[in-house]
Undergrad: 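After the structure tokens below, expect a handful of questions from me.
Scope of the values below: all heavy atoms of this structure, side chains included, with no hydrogens, waters or symmetry mates. By convention in this document, chain letters (A, B, ...) are assigned in the order of the sequence lines, proteins followed by strands, and residues within each chain are numbered from 1.
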Amino acid sequence: MFDSEFERSLFDLRRAKLAEIEKLGQPAYPNQFSASHTLPQVREQWDGAAAEQLEANRVTVIVAGRIMAIRAQGKAGFATLQQGGQRLQIYVRLDAVGDQGFALYKLLDLGDHIGVSGYLFRTRTGELTVHVETLTFLAKAMLALPEKFHGLADVELRYRQRYVDLFTNLDSREVFVKRAKVLKAMRRFFDERGYLEVETPMMQQIAGGAAARPFVTHHNALDQDLFLRIAPELYLKRLVVGGFDRVYEINRNFRNEGVSTQHNPEFTMLEFYQAYANYHDLMDLTEELIAFVAREVNGTTITNFPIPKGPRAGEIVEIDLGKWQRLTMREAIVKWWWTEAGNPPMIEEFSSSVSFSRIVQQLYNVCKREQQAVGADLDRRPPYSQDVERRSLTVPAAALSLTLRQLASHGDSVLGQSIATVFEIVAEEHLIQPTIIYEFPTAVSPLSKQKPDDPEWVERFEFYIGGFEVGNAFSELNDPVEQHKRFEQQLTAREHGDDEAHQMDEDYVRALAYGLPPTGGEGIGIDRLVMLLTGSKSIRDVILFPLMRSREQKSEIGNQESDAK
RNA sequence: GAGCUCGUAGCUCAGUAGGUAGAGCAACGCCCUUUUAAGGCGUGGGUCCUGGGUUCGAAUCCCAGCGAGCUCACCA
């Protein structure tokens, strides 16, 4: 518990002060305090009250809070209490609180919790202040608070000791208040539209519904391995089969992958399903939902957001969550086609691996030329921010080169994957303003329904904001025979080394065999949406306790107990 | 998994032509009855992330490790 001798001796000192406080007749750890107002209530009600008004009609309040600043001044003194994210100053003077009360005041430290009763007034400088008449000790801070002006700035400490971050950095607290509002707004949105909120298994025997590697755990009594879910999708659709036409679930998914400013191994996802709807209905619903949540949380659809990745990383852009554009994946590739690569591809060229190879080759040639122009030593890719002009071509070059080889050896079976790769390379960085990208290759969408007129493409869309994907939706594949076939294709991919390929789920296919009505379903990354709405540049800033590598624990408090006697 | 950057007092940070460490806040003592990053006088507090190496001498230079941030890869 203690990081140093400094902390250990401070702890001892505070214990001694606690003993002194008890001698004054105040319990060291009282178990209750009845306040008349919270600090936010006091501020709301009397922030506008003038000094004369408070003098004429004396207002007595009983409030509690944590001491965030304390300034003793001889036989009087001030302190600033904090509660509910707000602050209120108190004024303590010997002739008002008496010897015992003032003795207690002198034993108080930064971080202590106290209760006071007294009347409101304004100081010379006009600050609303409680003129204290009685002081009640509530709990002691046994450790030193961070520096009062800068707060806790070390990001590692802010994540590991979030409890300190939350009361020292009120901006941090505000993010999580907003996060709660996001969840509340979403529930309201779906509840009002007749969706049923449900909870499906987090521990699953087959981790399905997404392409990702799962965490494995074990049930002792059943002696059976289980997976933490990577998505609730397959269970939610079973519920639609069961007759719950509209369901949603907001809960954690777990994916055994790296961490980044947009990824945490456990993250919160909203998934919802609506019978008799298709992906076009969901596009409308998505635009409505995001704008609704933005207005509920921020009062506006405008948000200022620091772009977290890509060539414009760090740039703060104004995003209007009420204004959307829609493009097919193929249209997006054409729209953001590199001008250096010549004329953009024609739609027909996406339909065979031979013609698509030529498209990929054109992009790859640009990378080669640029690399040669910059210099042959460009094996290592310069950071985006230092070389925006060059479009930082080594990584795209590597991906494009791999794609070319795959197309050459596997032909049409990797066409879908290749198109998705090209989309990410040319288009993703441009998707700052809300954009729906629809029509995905069937090969990368094992759970989506094909377009009636073109079985190589599915009725699926993803939406992008701020340069990253926020949600994913599709018309659900409800043909059990086709679903079984898609699972088998995934198994083949798995055998070829794709350990993120979907597993076979026979029971899910059986559920479909009972008849899933035409259904649209969608998943939205809540953490990312919260980032957008709070202007946070890292997902860790919107997760209370992000995953951190474990650290050695130091001496325990129990040891200190015995030492202190 | 890779690259770049960082790690000095409880906190926020100084300190490189290599000479065994400083400031502010916090703490402790004293003064001060309208202050607010209160003020004044005084005091204590550091395995300079860890382990090696170079050197007469390392917070500083080199190597390895640990932790973190960022960028990238993977994904939502």
Undergrad: Among B/G69, B/A37, B/C74, which nucleotide has an atom closest to any side-chain atom of A/E500?
TA: B/C74
Undergrad: Between the protein and nucleotides 39-46 of chain B, list every N/O to N/O distance that falls short of 3.5 Å.
TA:
none

Undergrad: When the C1' atoms of B/A9 and B/A59 are considered, how many whole Å apart are they?
TA: 14 Å
Undergrad: Among residues two or more places apart or on two chains, list those pairs meeting salt bridge (charged side-chain N to carboxylate O under 4.0 Å, His left out) that have a residue in residues 520-535 of chain A.
TA: A/R179-A/D527
Undergrad: Return the nucleotide paired to B/C61: Watson-Crick means purine N1 to pyrimidine N3 with N6-O4 or O6-N4, wobble means G-U with N1-O2 and O6-N3, both under 3.5 Å.
TA: B/G53
Undergrad: Nearest-Å distance, CG (A/L107) to P (B/C28)?
TA: 10 Å
Undergrad: Nearest-Å distance, CG (A/L547) to P (B/A68)?
TA: 9 Å
Undergrad: A/R93: which residues meet the salt bridge (Lys or Arg N to Asp or Glu O under 4.0 Å) condition with it, sequence neighbours left out?
TA: A/D95
Undergrad: Between C1' on B/A76 and CD on A/E428, what's the gap in Å once rounded to a whole number?
TA: 11 Å
Undergrad: Between B/C74, B/G67, B/U12, which nucleotide has the shortest distance from any of its atoms to the side chain of A/H150?
TA: B/U12
Undergrad: Can you tell me the base-pairing partner of B/C13? Count Watson-Crick or G-U wobble geometry only, both distances below 3.5 Å, and say none if there is no partner.
TA: B/G22
Undergrad: In the strands shown, is B/G44 matched to any nucleotide by a Watson-Crick or G-U wobble pair with both distances under 3.5 Å, and which?
TA: none
Undergrad: Measuring to OP1 and OP2 of B/C66, would you say a side-chain N or O of A/R549 lies under 4.0 angstrom away?
TA: no
Undergrad: A/E315: what forms a salt bridge (Lys or Arg N to Asp or Glu O under 4.0 Å) with it, not counting sequence neighbours?
TA: A/R312
Undergrad: By salt bridge (Lys or Arg N to Asp or Glu O under 4.0 Å), which residues pair with A/K537, not counting sequence neighbours?
TA: none
Undergrad: Under the ring-ring contact (aromatic ring centres under 6.0 Å, His included) rule, collect the residues that match up with A/F78, sequence neighbours excluded.
TA: A/Y91
Undergrad: Considering only the C1' atoms, how many Å lie between B/A21 and B/A14, rounded to the nearest integer?
TA: 11 Å
Undergrad: Separation of A/L145 atom CG from B/G10 atom C1', in whole Å?
TA: 10 Å
Undergrad: To the nearest Å, how far apart are A/L157 CG and B/C11 P?
TA: 6 Å
Undergrad: With both distances under 3.5 angstrom, what nucleotide forms a Watson-Crick or G-U wobble pair with B/C6?
TA: B/G67
Undergrad: Could you state the atom-to-atom distance from CG of A/L110 to C1' of B/A27 in whole Å?
TA: 10 Å
Undergrad: Which heavy atom of A/P40 sits nearest a heavy atom of A/G84, and at what distance?
TA: CG-O, 3.9 Å
Undergrad: Check this for me: does any side-chain nitrogen of one of A/D112 and A/R66 sit under 4.0 Å from a carboxylate oxygen of the other?
TA: no
Undergrad: Using the six-membered ring of A/F545, assess whether NZ or CZ of A/R162 lies under 6.0 Å from its centre and within 45 degrees of the ring axis.
TA: no
Undergrad: Would you kindly compare A/A153 and A/R71 by the position of their nearest RNA chain B nucleotide and give the one closer to the 5′ end?
TA: A/A153
Undergrad: Name all pairs fulfilling the side-chain hydrogen bond (donor to acceptor under 3.5 Å, both in side chains) condition that reach into residues 68-77 of chain A, sequence neighbours left out, sorted by first residue then second.
TA: A/R71-A/Q89
Undergrad: Mind checking ring-ring contact (aromatic ring centres under 6.0 Å, His included) for A/F102 and listing every partner two or more places apart, or none if nothing turns up?
TA: A/Y105
Undergrad: If we take the P atom in both B/C41 and B/U5, what is their distance in whole Å?
TA: 43 Å
Undergrad: Residues of residues 528-544 of chain A with any non-hydrogen atom less than 4.0 angstrom from an atom of RNA chain B: list those, numerically ordered, please.
TA: A/R528, A/S538, A/I539, A/R540
Undergrad: Near RNA chain B, counting only heavy atoms under 4.0 Å, which residues of residues 116-124 of chain A show up?
TA: A/F121, A/T123, A/R124
Undergrad: Sort out the partner of B/U35 for me: Watson-Crick or G-U wobble, both distances under 3.5 Å, none otherwise.
TA: none
Undergrad: Under 4.0 angstrom, heavy atoms only, what part of the nucleic acid is A/Q89 near: base, sugar-phosphate, or nothing?
TA: base
Undergrad: What's the closest nucleotide to the side chain of A/F267 if the choices are B/C74, B/U71, B/A76?
TA: B/A76
Undergrad: Could you check which of B/C74, B/U35, B/A68 has an atom nearest any side-chain atom of A/E156?
TA: B/A68
Undergrad: Using a strict 4.0 Å threshold on nitrogen-to-oxygen distance, state whether A/R213 and A/E500 make a salt bridge.
TA: no
Undergrad: Please give me every residue in residues 251-259 of chain A whose heavy atoms get under 4.0 Å of an atom in RNA chain B, ordered by residue number.
TA: A/R255, A/E257, A/V259
Undergrad: Between A/K17 and A/E20, does any side-chain N to carboxylate O distance fall below 4.0 Å?
TA: no
Undergrad: Between the main-chain N or O of A/P201 and the side-chain N or O of A/Q204, is there a donor-acceptor pair closer than 3.5 Å?
TA: yes
Undergrad: Taking the same atom, P, in B/C62 and in B/A17, what whole-Å distance lies between them?
TA: 15 Å
Undergrad: Which part of the nucleic acid, if any, lies within reach of A/I524 when heavy atoms closer than 4.0 Å are counted: base, sugar-phosphate only, or nothing?
TA: nothing
Undergrad: Check A/R326 with A/E287, please: is the shortest side-chain N to carboxylate O separation under 4.0 Å?
TA: yes
Undergrad: Using the C1' atoms only, state how far B/C6 lies from B/C74, rounded to an integer number of Å.
TA: 26 Å
Undergrad: Taking B/G7 as the reference, what is the distance to B/G15 when you measure between their C1' atoms (whole Å, please)?
TA: 15 Å
Undergrad: Nearest-nucleotide wise, let me know which of A/K75 and A/K17 is further upstream toward the 5' end of RNA chain B.
TA: A/K17
Undergrad: Closer than 4.0 angstrom, basic N to acidic O: yes or no for A/K237 and A/E476?
TA: yes
Undergrad: Taking the C1' atom in each of B/G67 and B/C32, what is the distance between them to the nearest angstrom?
TA: 46 Å
Undergrad: Nearest whole Å is fine: how far is B/G7 P from A/R160 CZ?
TA: 17 Å
Undergrad: Take atom CG of A/L10 and atom P of B/A27, then tell me their distance rounded to the nearest Å.
TA: 8 Å
Undergrad: Give the nucleotide from the list B/G10, B/A37, B/A76 with an atom nearest to the side chain of A/F149.
TA: B/A37
Undergrad: Report the residues that fulfil ring-ring contact (aromatic ring centres under 6.0 Å, His included) with A/Y279, sequence neighbours left out, ordered by chain and then residue number.
TA: none
Undergrad: Any salt bridge linking A/R460 with A/E462? Criterion: basic side-chain nitrogen under 4.0 Å from a carboxylate oxygen.
TA: yes
Undergrad: Check every strand shown and say whether A/G525 touches a base, only sugar-phosphate, or nothing at a heavy-atom separation below 4.0 Å.
TA: nothing
Undergrad: Is B/A73 paired to anything, Watson-Crick or G-U wobble with both distances less than 3.5 Å, and if yes, which nucleotide?
TA: none
Undergrad: Among the candidates B/G10, B/U12, B/A26, find the nucleotide nearest to the side-chain atoms of A/D154.
TA: B/U12
Undergrad: Using atom P of each nucleotide, how far apart are B/G24 and B/G40 to the nearest Å?
TA: 10 Å
Undergrad: What nucleotide among B/A76, B/G69, B/A27 has an atom nearest to a side-chain atom of A/D109?
TA: B/A27
Undergrad: After noting the C-alpha distance and the side-chain angles of A/T200 and A/R229, does the key distance pass the side chain to side chain donor-acceptor pair (under 3.5 Å) rule?
TA: CA-CA 10 Å; A/T200 62; A/R229 77 175 186 197; 3.2 Å; yes
